[in-house]
Structures are given as structure tokens and as C-alpha cells.
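Following: one structure in C-alpha cells, then a few remarks.
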Protein chains: 2
Amino acid sequence: MAEVAKHVGVSAMTVSRAFRQDASVSEETRRRIMDAVDALGYVLDQSAGSLSSRRTGFIAALVPSINNSNFSDTARGITDALENTGLQLLLGYTDYAPDKEEQLIEAMLRRRPEGIILTGGQHTSRARRMLEKAGIPVVETWEIPETPINHVVGFSNGEAMSLLVRELAAKGYRKFGYIGGTTARDTRGSQRRSGFLKTVEALGLETDRVISFGVPPITMEQGGQAIISMLERWPDTEVVLCVSDLSAFGALMECQRRGLRVPQDIAIAGFGDYEISSICHPRMTTINVDCYGIGKQAAVRLLDALQNDDERAGDITLTGYRVVLREST
Amino acid sequence: MAEVAKHVGVSAMTVSRAFRQDASVSEETRRRIMDAVDALGYVLDQSAGSLSSRRTGFIAALVPSINNSNFSDTARGITDALENTGLQLLLGYTDYAPDKEEQLIEAMLRRRPEGIILTGGQHTSRARRMLEKAGIPVVETWEIPETPINHVVGFSNGEAMSLLVRELAAKGYRKFGYIGGTTARDTRGSQRRSGFLKTVEALGLETDRVISFGVPPITMEQGGQAIISMLERWPDTEVVLCVSDLSAFGALMECQRRGLRVPQDIAIAGFGDYEISSICHPRMTTINVDCYGIGKQAAVRLLDALQNDDERAGDITLTGYRVVLREST
DNA sequence: AGTAGAAATGTTAGCGATATCATTGCGCTC
DNA sequence: GAGCGCAATGATATCGCTAACATTTCTACT
């Protein structure tokens, strides 16, 4: 920067100002500075800048995974909301593991992000302490934690699943099955399952048709294997709800491969409304949960908190969901 | 850090050393320092650290998009390769637009990454200049640029597509159709198309059955619409190759919806070997291109260049691909 | 015990920008 | 033309850490 300054014949401070929108630099000077910047190929050093200004321009976001999952849409929503704000997203993958999340939170905080977006409400106590101490706005997404850290942008996975059960019951289905992953690591998966069980029970129907298979996030293939087990154990099952569209799709395809007609022989529904569900044949019943919007709103919430000097008033934004009935049920 | 130092009764420098693996600090001292760190809830400030040490610990990577695409696997490969290296990935989405890429490159360089991974070989001249000047290792991925900037990890999209055409021709297909996006922005898509055209022509077959539809990356739905146009214009088409598995899947499902048998009435093949292709019914013929491996190898190449103080010897790593013949052809 | 060499720790000086306050210059009013 | 206010620019002092070199302490061997 000093070099640019010398080249133009101004002070480094003026060069620094020329890079900012709001600073008062005459048009003439700014033009000459920018010419010199181009000529010299100078690129601003933001690490130095952030040390001095105490604004790093980073926003951290942690998602369980990004491959073939709803979270890639959420990440996209965050990225889009951050566009033209000068903020840069630091993305991390937790693999659904709270201790990996803890590590990542520490790694992120070392970069002094101005805000952080998390997925879910399950965190280690050390993670909570670090976040507390960091004094930056936090947004938890994708569910409604019992004890939110700060802001929340999400919905009740249990209630969403419950709604689907009730709509399908209204269509006349009585023998409900459920396919999900094995562990409780995926809290959203667990919530969906308990929403399913609670509602099926409330309707006075059998609750034992549950297949737990595969480590979350459960794959398409595992969905296919799971429905085979389901139909072997409970051949008279009328409708199977799956923890995600991906497993539901695997189940659907496996049924077709075996000559089972969907929905006549067995109905199938997913969760998440992935693109695939509106394209596959038969088109799949699912729950649309606005993954993109969750990311976008979380980021907007964060930006808002940053502007208003976040008074730490935790604020819960409920995102919408709706059952999308299609041909598979 | 000064506070921690005072608390333990050592100098700040010793605290700094305690955070590094290789530094010489007695076990006793390090333990006491770490205890104080925990007690005080101190978190290292890496922006300050990198300013001083001139090592930011950032690696930048730019991909066209991350949603439902091969690139999410590539990003995952990079992330995995970077694990435990203390390096943090800065990810950006270019939306297949060279000028957005240029902007992102500048934004990334302001963070002083130690290396950068790009997708493809199409860059604006200003982007090339900035990269040149930055003096950091660059890895271009996913294709083989004519004039590589530095390192390359990729494969020839044209040859891969060509191989698929030849294998299908060997199975007896003669009337080949192609479905792809409309613009040349997606250079890999264009290369696949020209690989298709060149090979079909070399085999002495018709090359006019080409549907261009939708802005890349073309969606599942657009694939479905495209195959309808294809069959309306050229009803006797025997096999349709698609620019990606997603569009191929859309085409496949649309055929099923219309009662067309695949592959008896029309055969379909994709590109990329997404999970969906091995699960759908009928399972889809495609080309496996090791998306994850491209990311992983690109990152490894970069790490290697960083260790060996990169002598700027551009180095081309060819990644493998193979035709996966399945039930759809 | 004496000493060399290694290990552990301390001191000082930046890294490259920006916050803050000071200064200069200009146009305008009365 | 003195005085005021505002816009443009400059000087200085950090921001929080680590590189580099200096110093002290320990270890091992003669």
C-alpha cells in the first residue's frame, strides 16, 4: 500500500480510504489511486485490515454435510444473502458429530468471525461456553432447540412429520411404517421419528413398523434395502414414511425394480422436497421445508444483529413447511 | 494472550509457542498455559498471527455451484485432504460466470490464501494477471486447459464422452442424440458436446440430433423436456447421451411417465455417475469421473507445492474415468 | 567440577493495514 | 477580509500476534 501511495504521491491513509465507499476522497485522487493500483497489480490485504479495524468480514457456518443434502441449499441461501455485503463465508462440515462441531467452532472462532450459523441445537458444553464468550451473534438453524443460544431460524421437524402422518391418515392409510437412520446423532432425524411415533399412536394405530438402518445421513441405497426389510417383516404395510427424500427415492426405485406398484401395493413418502421428488416417477409425496430460505433468513438475521449491535435478545424465526401430496401416496 | 501470559507468569512468546506442535516448550509449562487458556476462555487470534507469520492458513477454491452437482463431491475431497493440516478452505461459487470468477479471485486474494483451486481453464485476463502476481500455487481442475496457469488435476471431458459414444456404438446403436445446455459458459459441457459430435461423425453417423436446452447447469426437469423435443423431432433416435446424470435422470423419468420403455424404445446415458444413477430404475449408464478424487488430488497437489516451495513447474495430473454400462442402454 | 551443546524462555521489532486526531485548503457569509 | 464550516488529506499509534535473535537453564559428558 505504501508503494501505491508513493507512486501516486499521497499518504497510505488516502489509499486506504480510496478503497472504501463511504470515505471522503476526491474523485480525482481516487481515480489516480485506482490507476496506480491496476498498474502495480496491488491487492488489498484484508488480514492486516481486519486486525486494525477489528472487523474480519467473516461469517462462519457449520453444516452436517454438504453432499447431496438439503444443507447445500442452506449454504447457498447463506452465500446469496451475504453477496455484496463484503462478508465472506467460512464453511465447515461437522459430519453430524458434536465433538467435531466443537473443534470446528474453535477453529472458526480463531478467525474472529462476526457471526456464526449452526445447524441444530445439540452442542457440547465447551462449544456453548466458547460461543458465549465470543460475544458474537449466533443463529441455530433447522430445528427449534430447547435452550437456544441466541437466535433461531428453523421449524419443528417433529410437527412437520406429524402433519404428514395426519394428512396421509386422512387419505385412509392405516398401517404406517417408518424408515430412518440408526443413531441419535442426527437430532432432526430423531425428531422426525418421534413426531411420527407420537402421531401414529395418537391416531390409535400400530407403532412398531420402524426400520432403523444406516448411519445418518442415510443413503438412497440404504433406503432401498430398508424397504425390503420392512416388507419382509410387515408385508401388509400400506404406507412408508422416510426420514429424507433420498432414502424414500431409494425405496421407491427398489419397489419398482421388484415389480411392486407404488402407491397401489405400497405408498411411499419422503421429507425435504428435493428436486428429485418432483421429477421421479411416480412423483413423490414429501414435505417441503424451504432449505434455501432457512439459510437466507439465518444470514439476514445475522446481518440484522450485526447492524443493530445485537442486544443478545434471542429471536426465534419459524420457517414454513407444507406437505406436498403427489403420486406416490 | 498477554493476559494468559501474566496469569501463568511467562512471556507472551511462550504462550504463543505453547500453541504450536513443533515449538520447544517444556511439558510442564505447556500444561500450565493450557490450563490458564481454558480457565480464561482464551481463543487464539489467527488474523493477528497470520499477519505476523505471513501464513494465513487459507486455501481458496472456486467451483461453479455446489447444489446437487459433482462439485460438492470435489469440495468434499478438498476439505477431507485439508483435514488436520490446519488449513481452512475458503469456498466460492462462480455460477459458471468468468467475471464472477474474477471478482471472487480478487476477494479471495485479499485474504492472502496460500494456494488456490479453480474449476476449468477459462479465466478473464485480469484474473490470470492477478493469479500470476499473487505468486501462490494454482490448481485448475475438471478439465485440461490449453494454457494451464500452473498445476492441473483433471481429464478430457471430450475424450470421456467420446469413449462412451464408441462403447455404445459397439453395442449396436446407430442413431445418437445429445442433450445439453445452451451456452458455452459451461466449458466442460461444451467439451462433452464436441467430443460427442466428433466421434459420432468419425463413425460415419448422423450428427444433427442435438437438443440444446436450458442454462447450464441444466436441471432434471429440463432433461425431461429436452427428451420430449428430441423424440418429437427425431422419433427414431435409438440412444440419447446427456451432458450430466441429472438431465439424463429427468429424461429417463419423463420416458417412463409417457410409457416409453428404456432401453427398448429409447436408450439413455448420463455423465458423472451420481449416486442417483446406480439407484434409479432402470439403472443408468454413465461415465464415472471420480469427482471426489479430483478435489482430493487437487488439494494434495497444492499441499505438495506448498511444502516444496513451488518452483512453478506446472504439473498435469490426469484423473481416471470409466464408462459404466448399466440397464438404461 | 567444568564446559559444550541443546532446550527453554525472554526481548524487541515488525507484519500491513486502519482509527483517531490534526492539519490544510477552499468556498461562503456577513 | 475575517471567520466559519466542511471536505480532503496527513501523521501517529496501535491491532494481537510471531520471527529473529538474545539469554538463561538444563543435560550430558569428560
Side-chain angles (χ1 to χ4, degrees), chain A residues 1-34 36-37 40-58 86 88 106-107 109-114 133-136, chain B residues 1-34 36-37 40-58 86 88 106-114 133-136 309:
Chain A
M1 183 176 269
E3 203 182 326
V4 174
K6 190 155 60 172
H7 203 264
V8 181
V10 295
S11 72
M13 196 58 235
T14 302
V15 176
S16 173
R17 287 196 181 98
F19 276 101
R20 317 187 31 152
Q21 291 263 324
D22 53 328
S24 75
V25 179
S26 74
E27 268 323 302
E28 161 70 8
T29 310
R30 172 172 275 135
R31 216 208 59 245
R32 283 172 49 223
I33 288 174
M34 287 311 167
V37 164
L40 298 171
Y42 170 71
V43 176
L44 202 58
D45 186 329
Q46 266 196 76
S47 10
S50 30
L51 181 59
S52 182
S53 66
R54 312 88 179 300
R55 299 205 49 222
T56 56
F58 283 127
Q88 161 76 44
E106 181 164 18
L109 290 181
R110 288 185 173 185
R111 302 291 186 178
R112 296 292 185 268
E114 300 181 27
K133 187 111 207 293
I136 55 175
Chain B
M1 182 176 270
E3 203 183 326
V4 174
K6 189 156 58 170
H7 202 266
V8 181
V10 294
S11 71
M13 194 60 232
T14 303
V15 176
S16 173
R17 286 194 183 102
F19 276 101
R20 316 185 33 151
Q21 291 261 326
D22 53 328
S24 74
V25 180
S26 74
E27 269 321 302
E28 160 70 9
T29 309
R30 171 172 276 137
R31 218 208 57 243
R32 283 171 50 221
I33 290 175
M34 286 312 168
V37 164
L40 298 171
Y42 171 72
V43 176
L44 201 58
D45 186 330
Q46 265 196 76
S47 7
S50 31
L51 181 59
S52 180
S53 66
R54 308 114 159 295
R55 299 205 50 221
T56 57
F58 282 127
Q88 161 76 45
E106 180 164 17
M108 294 296 177
L109 290 181
R110 288 185 174 185
R111 303 289 186 178
R112 297 293 186 269
E114 300 182 27
K133 188 111 206 293
I136 56 176
D309 233 358

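Order of the sequence lines fixes the chain letters, A, B, ..., with proteins taken first and strands second; residue numbering starts at 1 for each chain.
Distance CZ (B:Arg55) to C1' (C:dC15): 15 Å, rounded to an integer number of Å. Rounded to an integer number of Å, the gap from A:Arg112 CZ to D:dC17 C1' is 11 Å. Atom CZ in A:Arg30 sits about 13 Å away from atom C1' in D:dT9, given to the nearest Å. Look at CD on B:Gln46: it is 15 Å from C1' on C:dC15, rounded to the nearest Å. For the pair A:Met1 CE and C:dC15 P, the computed distance is 15 Å after rounding to whole Å. Protein atom CG of B:Leu51 is 12 Å distant from nucleotide atom P of D:dC17, rounded to whole Å. Following rounding to the nearest Å, A:Arg20 (CZ) and C:dA19 (C1') show an atom-to-atom distance of 10 Å. Rounded to whole Å, the distance from CZ on A:Arg110 to P on D:dG16 is 17 Å.
Side-chain to base pairing of B:Arg17 with C:dG10: one donor and one acceptor N or O lie within less than 3.5 Å of each other. A donor-acceptor contact under 3.5 angstrom links the side-chain atoms of B:Ser52 to the base of C:dG14.
Within 4.0 Å (heavy atoms only), A:Thr14 reaches sugar-phosphate atoms of the nucleic acid but no base atom.
Contact check, B:Arg111 against C:dA17: no side-chain N or O comes under 4.0 Å of OP1 or OP2. Between A:Arg54 and D:dG16, a side-chain N or O to OP1/OP2 separation shorter than 4.0 Å is present. Close to C:dA7, at under 4.0 Å from its OP1 or OP2, lies no side-chain N or O of B:Ser26. For D:dT9, one of the phosphate oxygens OP1 or OP2 lies less than 4.0 angstrom from a side-chain nitrogen or oxygen of A:Thr29. For C:dG10, one of the phosphate oxygens OP1 or OP2 lies less than 4.0 angstrom from a side-chain nitrogen or oxygen of B:Ser11. OP1 and OP2 of D:dG16 both lie 4.0 Å or more from every side-chain N or O belonging to B:Tyr42.
The side chain of A:Asp45 approaches C:dA17 more closely than any other nucleotide in the set C:dT9, C:dA17, D:dC17. With D:dC17, D:dA19, D:dA8 as the choices, the nucleotide that has an atom nearest any side-chain atom of B:Ser53 turns out to be D:dA19.
The backbone N or O of A:Gly57 lies less than 3.5 Å from no partner atom in the side chain of A:Gln88, so there is not a single donor-acceptor pair.
A side chain to side chain contact (heavy atoms under 4.5 Å, CB included) with A:Val43 is found for exactly one of B:Lys133, B:Met108, B:Arg111, B:Arg112, namely B:Arg112.
In B:Arg30, the CZ atom is crowded: over 12 heavy atoms of neighbouring residues, nucleotides or ligands sit closer than 6.0 Å. Heavy-atom neighbours of A:Arg55 CZ from other residues, nucleotides or ligands within 6.0 Å: at or below the threshold of 12.
Salt-bridge check for A:Lys6 with A:Glu3: failed, with every basic side-chain N at 4.0 Å or more from each acidic carboxylate O.
Residue order along DNA chain D, read from the 5' end via each residue's closest nucleotide, puts A:Glu27 first among A:Glu27 and A:Met13.
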